[in-house]
Protein chains: 2
Amino acid sequence: MIPKQQVEKRVADSLEICRRQGVKATHQRTEILRELAGSEEHPDAETILTRVRQRVPTISVDTIYRTLRLLEDSGVIARVGSMRDRARFDANTDRHHHFVCTECEMIGDFYSDAMDQFPVPQEVSEMGSVEGVYVELRGICRKCKQKAMKTEGRTGEKP
Amino acid sequence: MIPKQQVEKRVADSLEICRRQGVKATHQRTEILRELAGSEEHPDAETILTRVRQRVPTISVDTIYRTLRLLEDSGVIARVGSMRDRARFDANTDRHHHFVCTECEMIGDFYSDAMDQFPVPQEVSEMGSVEGVYVELRGICRKCKQKAMKTEGRTGEKP
DNA sequence: TCCTAAATAGTAATTATTACGAATGGAGTT
DNA sequence: AACTCCATTCGTAATAATTACTATTTAGGA
Ligand SMILES: [Mn+2]
Ligand SMILES: [Mn+2]
Ligand SMILES: [Zn+2]
Ligand SMILES: [Zn+2]
């Protein structure tokens with residue numbers, strides 16, 4: 001659980017960045033940001049819609065998707081997750097990376113100075129200018145591994 | 001341009017791996033693999049469909065998507081690209097990473113021992129077991145930067 | 001308060017991907 | 001060769017995710 005105070009700071013900071021870019025701070029945008037900033041699970045668009053609707057019952061799908069794109073373009077949220085699944089979102093703008101479980105799609109944060117300070121290979125500098133890095137470690141999470149253990153034993157042969 | 005010999009080796013190797021998993025080496029699968037192995041541009045499903053159709057005119061969308069999923073699950077091709085765009089595919093199974101232009105979606109390969117040998121943070125080991133890494137450097141490619149230069153000057157004010 | 005461009009709601013449309021059911025094909029068998 | 005069996009494919013329909021449209025509302029500045 002993220003402390004309320006911290007959530008509100010993140011929301012305020014994000015809106016301030018938006019305002020500086022001439023983007024209005026509407027009720028809907030605020031609530032979408034608040035929802036994201038208060039979550040550690042990197043929710044998808046539909047989940048955000050469902051949750052924000054509890055507070056803003058008339059909010060539309062268009063607004064959700066349009067706002068998520070806007071906030072992403074403004075640099076206050078990020079789009080994460082691998083291509084096999086739907087897009088997931090993240091309001092944590094601290095430099096960090098993700099571990100993704102390929103079984104249940106759980107997404108967890110991790111921090112790594114070594115990875116952040118990674119030198120861009122010359123090979124890449126010749127292709128263009130690098131402006132961002134996306135790192136994703138993929139595997140099986142604790143929970144899914146345990147589930148696999150339990151299911152074991154009753155696999156394979158027929159009676 | 002990738003030498004034909006090299007393309008054929010990759011196709012043969014991939015099919016061999018599939019066969020070992022009990023997956024038949026059909027005409028369609030062979031052609032899809034050949035198309036991917038011969039390309040350096042990481043094409044999307046539609047592009048692959050169009051190109052393979054020139055050689056196998058009756059091939060269906062279902063076969064394209066089904067086969068791409070199958071080959072990915074078999075580990076002989078990879079899905080690349082960022083969430084904002086459609087899925088792109090890669091038959092290059094050598095350990096490597098990608099630079100993606102956020103303007104034109106060009107995807108280029110790069111190699112980095114340092115990145116490959118990156119130690120998994122303990123933070124992550126506690127979340128689960130890591131089985132793969134996906135690294136993507138994002139920015140603006142040479143071509144797009146030049147285009148932006150040319151367009152400059154005629155921006156901003158009205159007459 | 002009043003004004004106006006920007007933003008939203010509700011819905012339709014588009015795009016990418018997956019599913020379905022009938023037909024095909026190839027490996028093994030007689 | 002004819003027959004069987006089951007995986008695979010084709011053609012098309014369906015689904016899921018995302019984006020677009022337009023009448024109406026609203027934020028924020030004068
Ligand atoms: Mn995160
Ligand atoms: Mn590649
Ligand atoms: Zn899991
Ligand atoms: Zn480019």
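Just so you know, these numbers use all the heavy atoms, side chains as well, and skip hydrogens, waters and symmetry mates. Remember, predicted model here, so these are calculated numbers, not experimental data.
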Under-4.0 Å side-chain N/O to phosphate OP1/OP2 contact, A:Q28 with D:dT26:
no
Whichever hydrophobic residues join A:I107 through chains of side-chain contacts under 4.5 Å
A:V80, A:V100, A:Y134, B:V80, B:V100, B:I107, B:Y134
Say whether, by atom type as modelled, one donor and one acceptor occur between the side chain of A:R79 and the main chain of A:F89 under 3.5 angstrom.
no
Look at the side-chain N and O atoms of B:Y65 and state whether any lies under 4.0 Å from the OP1 or OP2 oxygen of C:dT17.
yes
Quick one: A:R88 CZ to D:dT18 P, roughly how many Å, whole number?
12 Å
Does anything in residues 16-26 of chain B come within less than 4.0 Å of DNA chain D? Heavy atoms only, and list the residues if so.
B:K24, B:T26
Atom-to-atom span, CD1 of A:I32 to C1' of C:dT8 - whole angstrom
11 Å
What closest approach, in Å, do B:S39 and B:R51 show between heavy atoms, and which atom pair accounts for it?
OG-NH1, 4.4 Å
Of the listed nucleotides D:dT18, D:dG11, C:dA7, the one nearest the side chain of A:R29
C:dA7
With the threshold set at under 4.0 Å for non-hydrogen atoms, list the residues of residues 66-83 of chain A touching DNA chain D in residue-number order.
A:R69
A:T63-A:R66 side chain donor-acceptor pair, cut-off 3.5 Å:
yes
Do A:L33 and A:I77 come close enough that some side-chain heavy atom pair is under 4.5 Å?
yes
Distance, rounded to the nearest Å, where A:H27 contributes NE2 and D:dG28 contributes C1':
17 Å
Could you list the cluster mates of B:M1? Members are the ILVMFWY residues connected by side-chain heavy atoms closer than 4.5 Å, either directly or through other members.
none
Distance-only side-chain donor-acceptor flag, A:H97 / A:D109, under 3.5 Å
no
Over all heavy atoms of both residues, which pair between A:C101 and A:C141 is shortest? Give the atoms and the distance, please.
SG-N, 3.4 Å
Do A:N92 and A:H42 get their side chains close enough for a donor-acceptor pair, meaning under 3.5 Å?
no
As a test of reading the structure: which of D:dC10, C:dA16, C:dT8 is closest to the side chain of B:T63, going by heavy atoms?
D:dC10
Tell me the interatomic distance from A:D62, atom CG, to D:dA17, atom P, rounded to whole angstroms.
17 Å
In numerical order, the residues of residues 38-60 of chain B whose heavy atoms come under 4.0 Å of DNA chain D are B:T58, B:I59, B:S60
By the rule that ILVMFWY residues connect when side-chain heavy atoms come within less than 4.5 angstrom, directly or transitively, which residues belong alongside B:M106?
A:F99, A:M106, A:F110, A:M115, A:F118, A:V120, A:V124, A:M127, A:V130, A:V133, A:V135, A:L137, B:F99, B:F110, B:M115, B:F118, B:V120, B:V124, B:M127, B:V130, B:V133, B:V135, B:L137
Where the side chain of B:S14 meets the backbone of B:R10, is there a donor-acceptor pair that is under 3.5 Å apart?
yes
Between CZ of B:R86 and P of C:dT18 the distance, given in whole Å, is 15 Å
